[in-house]
2 protein chains.
Amino acid sequence: MGGELQLGLTVVIVAVAAGVPRVVEVRSGFEVPEALRGRDLPPPHRDALPGATFEPGRFRTLQEGVRAVAEGLTGVGLRYVEQLYTFGDRFRDPHELFGGPRALSVGYLALVRDEPIGGSGGAAWRDLYDHFPWEDWREERPALIDSVIVPALERWSAAAEDPGTRARRTERAQLAFALDGAPWDGERVLQRYELLYEAGLVVESHRDRRLEALAGVAGASAPRDMPRALGRPMARDGRRILATALERLRGKLKYRPIVFELLPPAFTLHRLQQVVEALSGTRLHKQNFRRLMISGGFVEPTGAFENQTGGRPAELYRFRRQAVHERTSTRAIPDAEA
Amino acid sequence: MGGELQLGLTVVIVAVAAGVPRVVEVRSGFEVPEALRGRDLPPPHRDALPGATFEPGRFRTLQEGVRAVAEGLTGVGLRYVEQLYTFGDRFRDPHELFGGPRALSVGYLALVRDEPIGGSGGAAWRDLYDHFPWEDWREERPALIDSVIVPALERWSAAAEDPGTRARRTERAQLAFALDGAPWDGERVLQRYELLYEAGLVVESHRDRRLEALAGVAGASAPRDMPRALGRPMARDGRRILATALERLRGKLKYRPIVFELLPPAFTLHRLQQVVEALSGTRLHKQNFRRLMISGGFVEPTGAFENQTGGRPAELYRFRRQAVHERTSTRAIPDAEA
DNA sequence: CCCATTTATGCTCTTATTGAGCAATAACGC
DNA sequence: GCGTTATTGCTCAATAAGAGCATAAATGGG
């Protein structure tokens, strides 16, 4: 009852450039299996997260493997690395459908400073919110929530035969997208992605169902309707891993001073706030943000000033590493504005 | 450069019985390798966490595998399952030292109600704090911290030749055990265990170094001194996984209503508080705890009463599942008493 | 039956945190 | 000089949270 097993490492490498949260991506190496050439295959998605098969003999720890993969690919030094989750659902890699080994992957989150990618592997930065347009609330409530998501989720709920299922779907939709008047919870990134996946609102869901049908998985049938697909898709379960990373990042931001790993040694408080906002996807109250950073002991002034601000020059601050210890209050960033 | 790879699942199954937090353990199946019979091997530790090799063909998800392992072994239904971490450090399984495959394991946390174990696999409950006596602050600051840990950590710091290392060790010790007057942080369970491991205060650290020396790992030498060992050891990296589980559990307790998975459908507020205290390892202010539970909407009265309390009868409450949604305030339990 | 004991429950008081906004400061370009 | 832009300082109110006092409702011993 064994079957083959393959363990991969996948890294979500995040930086923030001028208010844009970005992720390192590579071209997907997916190849259409021999037996299916010419058939009605879904087009392979080209964006993929960088990763590699874990070589047991080569690294003492998984994290060493991650660093080697990521730094080799991008030439950028990882300033923070954290294990996210191990993704092991069957068929997460389409090759499994055609006799390939069961492919598990350990996902990692890595933070880097905003630097150009030096590697030669065809890696490039991309705006994180290209994949999750509904997650960026900095300007305003994203329009596609009301114009596309809500109606589609309502149709999806209504489509369930069983009233119990119907109620559960409605409730999940309300919870994930704060439709019941509750405030938006920026952290539920994965919950939202999975809901959209199940409701058939992201292309991957159709791709996977079609592949399963082609591979002859019991009970699988190619979906007929193809509603408007949301966000830029990724190969395999890349977007699920990315959603996990964003969720973790948003959560951690709140009580651990990890933003600073994304910034140069000296920065203005405005720049710092911009980075936080880019990742949390919300706007913050400027004065309160400053108060928390300073009185919380996270930063200290350098004495130097930045005068390209367009207004009054802003003082440059540096991160106080000791702040990690003092930890008087737990919070590391304030709540979003109402 | 491949080498073999083996993926295991390991489960930390937690319940609370009458104020005692307990974990399911099995007898370790470690066997002394042929080549080393009769040599000066460290005695194998008998307590082990339940687990099994993951069979790729058999389960659709890792979590299904975990449920099968855990419920098959104990006969107890898992009420909550969460992936913890994937442990992949080289030599976490001693067999690797003697030519065995690289053994990774995906660790899971599972919560169950306090029930007798029905399985036939030799599984049994054990007090969690047998393994971490320094983590239980319910009665008072554990005496062994001042009598054993602090002096030993001071010796360990002083033993470093390099002044930088010395300073770093001192700082880590202060941070982990709150020696600088900072309040005890119950969540740093893993940090503390790893510190004690590095400082040679838990037997596993000596065991591992002896094994590595026997297996001829470069740079490894059997330790000479054997200071007082703290807490009950476990096979392999069981205690590291257990520490990870306790840390996660303590953290999650604070902002997610998962305590209720450990309780019967109806319970007194006192019982609820006991369970939280057992896991957090601290005492809570009774009135404030009640206030938070009730005003936070986590519980509602059933109307029935419990009169075996020894004093005034206590009302029985039940968990309000909807509380998960309302989530007005984030907190799910108050801070510890000062 | 009264009373000490025990545990549950209700309520107040004080302080710290935090959301929100007003106002002043210090640069720039015309 | 003056409008513009952005930084910085400060106040105020609402809320959450820590701590303790007081009362209620059971038990058991004299």
Side-chain angles (χ1 to χ4, degrees), chain A residues 18-19 183-184 186 253-255 266-274 276-277 280 282-317 326-338, chain B residues 18-19 183-184 186 253-255 266-277 280 282-317 323 326-338:
Chain A
W184 178 259
L253 226 47
K254 284 197 187 149
Y255 61 99
F267 45 83
T268 65
L269 290 179
H270 177 73
R271 181 94 190 274
L272 172 59
Q273 184 176 348
Q274 259 196 336
V276 172
E277 289 177 336
S280 73
T282 57
R283 285 263 168 246
L284 304 175
H285 185 283
K286 189 191 285 205
Q287 296 93 318
N288 291 346
F289 181 80
R290 298 172 53 85
R291 179 174 61 187
L292 187 58
M293 288 301 120
I294 295 170
S295 77
F298 294 113
V299 297
E300 64 192 0
T302 63
F305 286 79
E306 166 82 60
N307 19 13
Q308 323 303 349
T309 55
R312 171 175 171 175
E315 183 152 20
L316 288 165
Y317 286 77
E326 299 164 358
R327 228 182 95 99
T328 55
S329 153
T330 322
R331 299 294 285 281
I333 62 167
D335 265 351
E337 279 184 318
Chain B
W184 177 259
L253 226 46
K254 283 195 187 152
Y255 61 98
F267 45 83
T268 65
L269 290 179
H270 178 74
R271 181 95 190 273
L272 172 59
Q273 184 175 350
Q274 259 196 337
V275 173
V276 172
E277 290 177 336
S280 73
T282 56
R283 285 264 168 244
L284 303 174
H285 185 282
K286 188 190 289 205
Q287 296 94 318
N288 291 345
F289 181 80
R290 298 173 54 86
R291 177 174 63 187
L292 186 59
M293 288 302 119
I294 295 171
S295 77
F298 294 112
V299 297
E300 64 191 0
T302 63
F305 285 79
E306 167 81 59
N307 20 13
Q308 323 301 349
T309 55
R312 170 175 170 174
E315 183 151 19
L316 288 165
Y317 286 76
E326 300 164 358
R327 229 182 93 103
T328 55
S329 153
T330 322
R331 301 294 286 279
I333 63 167
D335 267 351
E337 280 185 317

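Protein chains get the first letters and strands the later ones, always in sequence-line order, with residue 1 at the start of each.
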Chemist: With sequence neighbours left out, write down each residue that passes side-chain hydrogen bond (donor to acceptor under 3.5 Å, both in side chains) with B:Gln273, or none if nothing qualifies.
Modeler: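 side-chain hydrogen bond (donor to acceptor under 3.5 Å, both in side chains) check on B:Gln273 returns B:Glu277.
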
Chemist: In chain order, what residues pass the side-chain hydrogen bond (donor to acceptor under 3.5 Å, both in side chains) check against B:Arg312, with sequence neighbours excluded?
Modeler: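 side-chain hydrogen bond (donor to acceptor under 3.5 Å, both in side chains) list for B:Arg312, sorted by chain: empty.
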
Chemist: Between C:dA8, D:dA19, C:dT9, which one does the side chain of B:Asn288 approach most closely?
Modeler: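 It is D:dA19.
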
Chemist: Atom CD1 of B:Ile294 to atom P of C:dA8: distance rounded to whole Å?
Modeler: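 One finds 13 Å between P of C:dA8 and CD1 of B:Ile294, rounded.
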
Chemist: Round to a whole Å and report the spacing from CG of A:Leu272 to C1' of D:dT7.
Modeler: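 Spelled out: CG on A:Leu272 to C1' on D:dT7 is 14 Å.
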
Chemist: Check this one for me: any side-chain N or O of B:His270 less than 4.0 Å away from OP1 or OP2 of C:dA8?
Modeler: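 The answer is yes; a side-chain N or O of B:His270 sits under 4.0 Å from OP1 or OP2.
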
Chemist: Would you please name every residue forming a side-chain hydrogen bond (donor to acceptor under 3.5 Å, both in side chains) with B:Glu306, sequence neighbours left out?
Modeler: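 B:Glu306 satisfies side-chain hydrogen bond (donor to acceptor under 3.5 Å, both in side chains) with no residue once adjacent residues are dropped.
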
Chemist: Nearest to the side chain of B:Leu292, heavy atoms from C-beta on, is which of D:dG20, C:dG10, D:dA17?
Modeler: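 Taking heavy atoms from C-beta onward, the closest nucleotide is D:dA17.
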
Chemist: Output every pair passing salt bridge (Lys or Arg N to Asp or Glu O under 4.0 Å) with a member in residues 290-299 of chain B, not counting sequence neighbours, ordered by first then second residue.
Modeler: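 Sorted pair list comes back empty.
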
Chemist: I need the CZ-C1' distance between A:Phe305 and D:dT8, as an integer number of Å.
Modeler: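 Roughly 10 Å, once rounded to whole Å.
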
Chemist: Would you kindly give the CZ-to-P distance between A:Phe289 and D:dT8, to the nearest whole Å?
Modeler: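 It is 12 Å, rounded to the nearest whole Å.
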
Chemist: Find out whether A:Phe289 and A:Val276 are in side-chain contact, i.e. whether some heavy atom of one side chain is under 4.5 Å from a heavy atom of the other.
Modeler: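 Yes, their side chains come closer than 4.5 Å.
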
Chemist: Would you mind reading off the distance between B:Arg290 atom CZ and D:dA16 atom C1', rounded to a whole angstrom?
Modeler: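 The distance from CZ of B:Arg290 to C1' of D:dA16 comes to 19 Å, rounded to the nearest Å.
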
Chemist: Going by side chain to side chain contact (heavy atoms under 4.5 Å, CB included), name the residues that satisfy it together with B:Glu300, two or more places apart in sequence or in a different chain.
Modeler: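 Checked B:Glu300 against side chain to side chain contact (heavy atoms under 4.5 Å, CB included); matches are B:Arg318, B:Arg320.
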
Chemist: Could you state the CD-P distance from A:Gln273 to D:dT8, rounded to the nearest angstrom?
Modeler: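 Interatomic distance, CD of A:Gln273 to P of D:dT8: 12 Å.
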
Chemist: When you match A:Gln287 and A:Arg291 each to their closest nucleotide on DNA chain C, which lands nearer the 5' end?
Modeler: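 Of the two residues, A:Arg291 wins.
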
Chemist: Whole Å only: how far is the NZ atom of B:Lys286 from the C1' atom of D:dT23?
Modeler: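 These atoms are roughly 14 Å apart.
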
Chemist: What is the minimum heavy-atom distance between A:Val299 and A:Leu272, and which atoms define it?
Modeler: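 For A:Val299 and A:Leu272, the tightest heavy-atom pair comes out as CG1-CD2, 4.3 Å.
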
Chemist: Between protein and nucleic acid, restricted to nucleotides 24-30 of chain C and to nitrogen or oxygen atoms under 3.5 Å apart, what atom pairs and distances do you find?
Modeler:
unit_1: C:dT25; atom_1: O2; unit_2: A:Arg312; atom_2: NH1; d: 2.8

Chemist: Measure NE2/B:His285 against P/C:dC13 and give the value in whole Å, please.
Modeler: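 Nearest whole value for this atom pair: 15 Å.
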
